[in-house]
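Beneath this line is the structure, given in structure tokens, with notes to follow.
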Amino acid sequence: MKFSIRKISMLVAIATLPVSLRAQEIPIYRDTSKPIEERIDDALSRMTLEEKVGLLHADRSYGSAGVPRLGIPENNLSDGPSGLRPEMVWQTWIHAGMSSDSCTAFPALVCLAATWNPEMGHLFGKSLGEEALYRDKNMLLGPAVNIFRTPMNGRNFEYMGEDPYLTSKMAVSYIKGVQENHVSACVKHFAVNNQETKRTTINTIVDERTLHEIYFPAFKAAVQEAGVWAVMGAYNKFNGQYCCHNSYLLNDVLRGEWGFDGVVVSDFGGTHDTQEAIDNGLDMEFGTDLGSLEAFQNYRLGKPYLKLLKQNETSEKVLNEKVRRVLRMMYRTNMSEGRPWGTLASEEHAMAARKIAEEGIVLLKNNNKILPVNIGSLNRILVVGENAVKMMSRDGGSSEAKSKYEVVPLEGIRKYVAGRIEVDYQPGYSSTASKSVNDSLHTEAVKAAKGADIVLYIGGMNKNLHMDCEGVDRESYNLPYEQDALIADLSVVNPSLVTVMVCGNAYAMPWHKKVPAIVQAWYGGTEAGNAIADVLFGEVNPSGKLPFSFPVKIEDNAAHAFNAYPGDGETVEYKEGIFVGYRWFEKEKIKPLFAFGHGLSYTSFDYGKITLDKKTIKSTDNITVTIPITNSGNREGAEVVQLYIMDMESSLPRPLKELKGFKKVNLAPGETVKVNFTIGKEALSFYTPERHEWVVEPGKFQILVGTASDDIRSSATFRVER
């Protein structure tokens, strides 16, 4: 008979109950008919001081102890906001080498954001939650919602772009999908963790308005809209105090203003002071000091905390509140009634990953409609680039996933055209070879390109250090491994060149005018190669939109324009304030290479005229916006209709426009649909630090609707009265 990890742990928990308890009436803390808070009270009354403290710190790499005496199970966590990490050897960071922990690798979260489709967010979270269930995980350390402040951040691929509204909506749908499975999402990293350089020590200085308008909204939405059950603190300091036990962030904002009732989890090794952790809202400490049970017991919320309690130097009332929050999370997850079993690496999950990858792929450029590739007119395709054959899901730091399989782009392309067209391959470059070897690979690829009907270049970055990788930032805004020169040379010998870029960040494109087609494919997970092939050959009409702006050069980015990245080694100040991403480009009239929200299709869409149900409203009213969208092309396709708001009479400086609504609609050729938006106080307000609150001022506002931040198709104005 086979038992899953979860079933075995449940049997152990039951077996550890005292015989007297099993024989008697069910105690309140185990009675599923009782309210959760009543059950928590009963559990607390039965626990020793040592058992309470034991719930608050790790006892292995990805978990913490339960209370075996009472049948309270362990907490089992998993990294991997895009797929479950491999199981580790107990109390180490060494992969256990199991044969039963392979999973589905889902696309990177930046690809999810590029779908601009909350339905994909829910599908992502639901599928990932089901995989976590099967492996007996009750907390997933994700999603990550830190804002793109600079393209140099090595961890941007794990995040959802530069805009707080888009990030919020995608994160909420993801969290709801995960938690429907009785698995806690853990939104991270709270807060202002926007670079990897000096991430564990840097002191981040951000003004109050910028916090609330740019860096807080996704976390606030996770708490108040999605009801997230866990929040992870960030490594860095904020205004001089570490984020994992920062009084302002955790006590004042998270619990005070937003009413968060879940657990605050430290980033691994992000706890630095026992007393601050006690006083400032940290509930569960995880770390990087492993190797023995004693090492875990010496965590700051371990023996040092227990010592203070026994010496009456700190209040047991505060301890009880921490334990209460941990138990509340557990009653919602691994101690919940009716918790499903889940599935792992199923065909259904692979198809979900493929669908998300396909919807996230962005067609940046398509001159002369070279795409989709017409295979009926070709004899030979040449694929160039190391990323055509490189698996991407199993690296990158905490986002690694032990994928059951991964279809690489060359495999997907060959599978699609099998038996119809010859597909040759040249690496063109190597991420591990010497300069002389790369020179040879470059020469051979250019030579082979001369005789091909079309060249599909699959390049970009990877998850090596100083690329898209946790722990370090990028060293150059240009592509690595001399790819710029290779792409330029390929374009000279073969004008039918399509560049497919596999990465999670913006990069320079000195060759963009020489290349007729550019596809941004991201890290697509288990079915990446099939998703890319489907888009290239027209099986899928691309509908992704950029969740961040592409600067022409790094100096065009706001943080770099102010020389405010990466700081002086001790402090980094966000001098650009609220003007992040497209807000900065529009303020300074800087033309980006590709704008926020940009993405082409194999069909075309016409936008009609905006109509409003009111021309004048009070600040507490809503206004309904309607705009007709028509598929004016000859094939079915999906369009992301984007709504921006301009405050034309603000007393404080505001961006020229801000995203406040979007909807993805699928249309047949010739079909028209009326897209509706409801705009209210939240979309019109800004944060005033003088009053420490959001306000809507009377005055004139403009609604702008378009297909990208730089491509507005219709506008209308209205007034807000006192």
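Not measured: the values here are computed from a predicted model.
- Of the charged side-chain nitrogens involved, none lies within less than 4.0 Å of a carboxylate oxygen, so that K176 and E180 do not count as a salt-bridged pair.
- Checked options N138, N75, N181, N76; the residue passing with T333 is N138 (criterion: side-chain hydrogen bond (donor to acceptor under 3.5 Å, both in side chains)).
- Proximity of the aromatic rings of W258 and F216 is defined here by a centroid distance below 6.0 angstrom, and this criterion is met.
- Salt bridge annotation for K137-D79: absent, with no cationic side-chain nitrogen under 4.0 angstrom from a carboxylate oxygen.
- Taking the six-membered ring where the residue is Trp, Y165 and F662 present perpendicular rings, their angle passing 60° and hence far from 30°.
- K169 and D163 are not joined by a salt bridge, as no carboxylate oxygen comes within less than 4.0 angstrom of a charged side-chain nitrogen.
- The side-chain hydrogen bond (donor to acceptor under 3.5 Å, both in side chains) test with H349 singles out one residue from K404, R354, E130, and that residue is E130.
- The residues R155 and E470 are annotated as salt-bridged, a charged nitrogen and a carboxylate oxygen being separated by less than 4.0 angstrom.
- For Y62 and W93, the ring centers sit closer than 6.0 Å to each other.
- Using cut-offs of 30° and 60° on the angle between ring planes, the pair W694 and Y687 is perpendicular.
- Exactly one of L306, L282, L319 qualifies for a side-chain contact (heavy atoms from CB on, under 4.5 Å) with L56. That residue is L319.
- Under a 4.0 Å N-O distance rule, the pair D468/K463 does not qualify as a salt bridge.
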